[in-house]
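The block underneath contains the structure these notes are about, expressed in structure tokens.
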Protein chains: 2
Amino acid sequence: MNIGQAAQASGVSAKMIRYYESIGLIPKTVRTEAGYRVYSDHDVHTLRFIRRSRDLGFSVEQIADLVSLWQDRERASKDVKTIALEHVSVLEHKIRELQEMASTLTHLARNCHGDTRPHCPILEELANDEAGAVHLKPDAKFGALGKAPARQA
Amino acid sequence: MNIGQAAQASGVSAKMIRYYESIGLIPKTVRTEAGYRVYSDHDVHTLRFIRRSRDLGFSVEQIADLVSLWQDRERASKDVKTIALEHVSVLEHKIRELQEMASTLTHLARNCHGDTRPHCPILEELANDEAGAVHLKPDAKFGALGKAPARQA
DNA sequence: GCTTGACCTTCCCATCATTGGAAGGACTAA
DNA sequence: TTAGTCCTTCCAATGATGGGAAGGTCAAGC
């Protein structure tokens, strides 16, 4: 099947399939004489594996490890579990950071009248030189918010 | 003071100060004859405001709005509160997504022996064509995980 | 056989906030 | 004067993804 069909069947966009090939996450495919990439059901299966890994927030690097463990019949389940649990702890760290941000903001907003008058504790706090300047410093592993790549629906 | 001193005093790196100037978040500064940027305490105050906003996860675009409200004595606190609460809801959405990922993975890992044998429910689930293929689809506003810009400590 | 439209190819660009580094000028203390 | 630290601008990379252009290919219908 062509890349478009493989994309539809796997839920990974054609763009991303080419990208994954370019970075070596998936091997180069067979091509038709005209240069079209050709995919098998097996390839689609691998792409689904990759997509489900992405959906769980694994990085491409981690997915490469997972794929290679998946294809290794001699793997130790411990190696997989280690990757998963490391990722969980990263996720939990990130969750805590976001929760701190949200709770700080919620607290500030609760004290803001939100009317037409200018007095606003939110701005006051942001402008406060004394208060926890380093209090909510996000971890290096994550940007604060940042728009990020859209996923296909 | 020079940019290096302003950076140290504000907690915003010199690189970022130049960047913020380039995108118009902060105005162009006065320069010495040699072309060095010169900052006042007032500028440092603004930079601190910006840094604290970043620490709370606001985007540069939102910060631009916050800064302009901050400097507007006629502002309505409602406008500030609206920005803050919108941001809170985005944060909460993101938190929910990450929590889903973490709980799915925790659940899978709990059922994985994590020994030297190859059997592994984590991989089985990732490879499972049937199961919730679209279950954990992250929202377009955020990448799944992605390494991101480090903040200066 | 030819046209049309849908598909494929590669290549480059943009995102967002941030860091890194190179090349070169300016300043300061010894 | 020299060494070292600071400053300047400019370019590149990050990660995962989408957008789009320019051009080749294929299948269906006429």
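Every chain is numbered from 1, with letters handed out A, B, ... down the list of sequences.
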Between [X] ([atom1]) and [N] ([atom2]), how many Å, whole number?
| X | N | atom1 | atom2 | value |
| --- | --- | --- | --- | --- |
| A:I3 | D:dC26 | CD1 | C1' | 16 Å |
| B:I63 | C:dT18 | CD1 | P | 8 Å |
| B:L56 | C:dA17 | CG | P | 15 Å |
| B:K15 | D:dT14 | NZ | P | 16 Å |
| A:M16 | D:dG18 | CE | C1' | 10 Å |
| A:I17 | C:dC7 | CD1 | C1' | 14 Å |
| B:Q62 | C:dC16 | CD | P | 12 Å |
| A:E33 | C:dC7 | CD | P | 22 Å |

What's the closest nucleotide to the B:Y19 side chain, out of D:dA16, C:dT18, C:dG21? C:dT18

Report yes if at least one side-chain N or O of [X] is closer than 4.0 Å to OP1 or OP2 of [N]; otherwise report no.
| X | N | result |
| --- | --- | --- |
| B:S13 | C:dT19 | yes |
| A:R54 | D:dG15 | no |
| B:R31 | D:dT9 | yes |
| B:Y20 | C:dT18 | yes |
| B:R37 | D:dT8 | yes |

5'-most by nearest nucleotide on DNA chain D - B:Q5 or A:A34: B:Q5

Side-chain donor-acceptor pair under 3.5 Å between A:S40 and A:D43, yes or no? yes

Look at the aromatic rings of A:W70 and A:H45 and report parallel, tilted or perpendicular, splitting at 30° and 60°. perpendicular

Between A:S53 and A:L66 the two heavy atoms that sit nearest each other are OG-CD1, 4.3 Å

Hey, does the side-chain of A:Y36 have a donor or acceptor N/O within less than 3.5 Å of a partner on the base of D:dG24? yes

Say you draw a straight line from CG of B:L69 to SG of A:C120; how long is it, rounded to the nearest 0.5 Å? 8.5 Å

Quick one: OG on B:S13 to CZ on B:R51, what's the gap to the nearest 0.5 Å? 11.5 Å

Remember a base hit wins even if backbone is also touched, and classify B:R18 as base, sugar-phosphate or nothing at under 4.0 Å, heavy atoms. base

